[in-house]
Amino acid sequence: MPELPEVETVVAGLRREAVGRWIESVEILRDQHLHPSGAALAEGLTGRLLTDARRWGKIWMLDTDDGQTVVGHLRMSGQLRVHPLDEPRRDHVHLVATLSDGHELRWRDVRRFGWMHLVPTAEALDLPVFANLGPDALAMAEDEFVAALRGSRRGLKALLLGQDVIAGLGNIYVDEALFRSRLHPRLAGGRLGLARARRLYGEIRAVLDEAIAARGTSISQSYRGVDGRRGAYQEQLQIYGRGGQACLVCGRELLSAQVAGRTTVWCPGCQPRR
DNA sequence: GTCGATGTTATCAA
DNA sequence: TTTGATAACATCGA
């Protein structure tokens with residue numbers, strides 16, 4: 001579910017609604033995917049002040065006043081929400097932190113692919129998940145992006161989806177960026193040339209900026225902000241989820257197929273293979 | 001009831 | 001090096 005714009009929106013929500021509060025207690029409802037363990041998270045966080053929330057790619061982090069950091073990934077269906085204490089808990093809530101302002105921070109994850117680690121802040125970036133993580137998509141410089149594409153024989157869809165070259169893009173925003181750049185998803189990155197690589201870089205930035213401004217994309221149930229609000233970017237999607245429909249630019253029927261293991265939509269007119 | 005698909009990614013085979 | 005299949009899991013819609 002959440003890609004960079006959604007995680008960015010969640011982190012902004014955590015700053016607004018969780019940072020600056022003390023954690024009074026932590027309740028573990030399901031121990032799975034908590035590291036080193038649910039008990040260690042509860043023990044380490046109880047009585048701590050939340051001092052900051054941040055993000056690298058799709059990974060979120062919450063810092064405490066005593067030099068610890070919770071590092072987490074929402075994967076497909078994770079949500080971080082803040083609720084009043086008396087609001088009923090829904091199914092699939094796995095961890096609850098009671099905050100000093102009468103609210104609860106709840107981690108909910110229906111499909112249970114997500115995870116959290118509690119580590120010393122100074123060691124957070126030593127976690128294996130960061131070992132092959134590329135620069136954050138919003139922090140990456142244009143020349144760095146161009147250089148990364150240049151040597152690659154991977155297709156663009158696989159290349160942008162992989163978090164090793166650029167971190168934060170997922171299935172929605174890769175398809176949107178490729179469509180806006182008029183590039184075929186199977187075209188090898190190394191065959192772009194300077195002008196088209198720059199164009200792609202610019203369109204990635206643009207689509208991410210627009211999606212953040214819209215507070216992310218909410219399709220079906222899954223994605224919500226910390227305050228429970230849906231994003232609005234689903235109303236601005238130009239290609240994702242539109243396979244079989246008419247291209248908004250040229251009117252041709254949009255194609256849909258598995259590329260790099262994910263359903264991919266592109267326009268045979270606007271995004272020629274060539 | 002069954003099948004296929006869902007915003008992610010680690011791992012293994014070819 | 002890169003791709004594809006598979007697995008983790010629950011839910012929804014056809």
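No hydrogens, no waters, no symmetry mates; every other heavy atom, side chains included, goes into these values. Keep in mind it's a predicted model, so treat the numbers as computed, not measured. Just so we're on the same page: letters track the sequence lines, and every chain starts at 1.
Note on A:G170: only backbone sugar-phosphate atoms sit closer than 4.0 angstrom, heavy atoms only; bases stay farther off. Using a 4.0 Å heavy-atom distance criterion, A:G216 is classed as making no nucleic acid contact. Across all strands shown, A:Q163 has heavy atoms under 4.0 Å from sugar-phosphate atoms exclusively, and none from any base.
Each of A:L125, A:V7, A:L4 was evaluated against A:W56; a single residue qualifies, A:L125, per the side chain to side chain contact (heavy atoms under 4.5 Å, CB included) test. Checked options A:Y233, A:Y223, A:Y173; the residue passing with A:T217 is A:Y173 (criterion: side chain to side chain donor-acceptor pair (under 3.5 Å)).
Of the listed nucleotides (B:dA10, C:dG4, C:dT3), C:dT3 has the atom at the smallest distance from the side chain of A:R154. Of the candidates C:dC9, B:dG7, C:dT2, C:dC9 carries the atom nearest the A:R112 side chain, counting heavy atoms from C-beta on. Residue A:K58 has its side chain nearest to B:dT8 when only C:dC9, B:dT8, C:dT2 are considered. When distances are taken from the side chain of A:V129 to each of C:dC9, B:dA10, B:dT8, the shortest belongs to B:dA10. For A:R153, taking side-chain heavy atoms from C-beta onward, the closest of the listed nucleotides C:dT2, B:dT9, B:dA10 is C:dT2. Taking every side-chain heavy atom of A:I172 into account, B:dG7 is the closest of B:dG7, C:dC9, C:dA10. Among C:dT2, B:dA10, B:dT8, the nucleotide with an atom closest to any side-chain atom of A:S152 is C:dT2. Of the candidate nucleotides B:dG7, C:dT3, B:dT9, C:dT3 has the atom lying nearest to any side-chain atom of A:A158. Comparing C:dA8, B:dA10, B:dG7 by their nearest atom to the side chain of A:F113 picks out C:dA8.
Regarding A:E6, its CD atom lies at a distance of 14 Å from the C1' atom of B:dT6, rounded to whole Å. Remark: C1' of B:dT9 and CG of A:L74 are 14 Å apart, rounded to the nearest angstrom. When the C1' atom of B:dT9 is taken as reference, atom CG of A:L127 falls 16 Å away, rounded to whole Å. Between the CD atom of A:E3 and the P atom of B:dT9 there is a distance of 9 Å, given to the nearest Å. Between the P atom of B:dT8 and the CH2 atom of A:W60 lies a distance of 18 Å, rounded to the nearest Å. If you take CG of A:N132 and P of B:dT11, they are 10 Å apart, rounded to a whole angstrom. Atom CG in A:L160 sits about 15 Å away from atom C1' in C:dT2, given to the nearest Å. Going from atom CG of A:L169 over to atom P of B:dT9 covers 10 Å, rounded to whole Å.
Taken together, the paired segments of DNA chain C that extend over three or more consecutive Watson-Crick or G-U pairs, each closer than 3.5 Å at both contacts, are B:2-6 with C:10-14, B:8-14 with C:2-8.
Residue whose closest nucleotide on DNA chain C sits further toward the 5' end, between A:M76 and A:D91: A:M76. Checking A:R186 against A:R75, the closest nucleotide of DNA chain C that is more toward the 5' end is the one next to A:R186.
Applying the 4.0 Å criterion to OP1 and OP2 of C:dC9, one finds that A:H92 has every side-chain N and O outside that range. One finds no side-chain N or O of A:H73 lying less than 4.0 angstrom from the OP1 or OP2 phosphate oxygen of B:dT8. The phosphate of C:dT11 (OP1 or OP2) has no side-chain N or O of A:S220 nearer than 4.0 angstrom. Under 4.0 angstrom from either OP1 or OP2 of B:dG7 there lies no side-chain N or O belonging to A:R111.
In plain terms, the two heavy atoms of A:R75 and A:F113 that are nearest each other are CG-O, 3.2 Å. Here the closest heavy-atom approach between residue A:E176 and residue A:Y240 is recorded as OE2-N, 2.8 Å. What you find for A:Q271 and A:P185 is that their closest heavy atoms are NE2-CD, 4.3 Å.
Scanning atom types as modelled, no donor and acceptor separated by under 3.5 angstrom connect the side chain of A:S77 and the base of B:dG7.
For the P atoms, the distance linking C:dT6 with B:dG4 amounts to 13 Å, nearest Å. Distance noted for atom P between B:dA5 and C:dA5: 12 Å (whole Å).
Salt-bridge check for A:R16 with A:D227: passed, with a basic side-chain N closer than 4.0 Å to an acidic carboxylate O. Note on A:E24 versus A:R48: no salt bridge recorded, every NZ/NE/NH1/NH2 to OD/OE distance being 4.0 Å or above.
When only modelled atom types and interatomic distance are considered, A:S77 and A:S222 share no side-chain donor-acceptor pair under 3.5 Å.
Ring orientation note: the planes of A:H94 and A:W107 are nearly perpendicular, at an angle over 60° on the 30°/60° scale.
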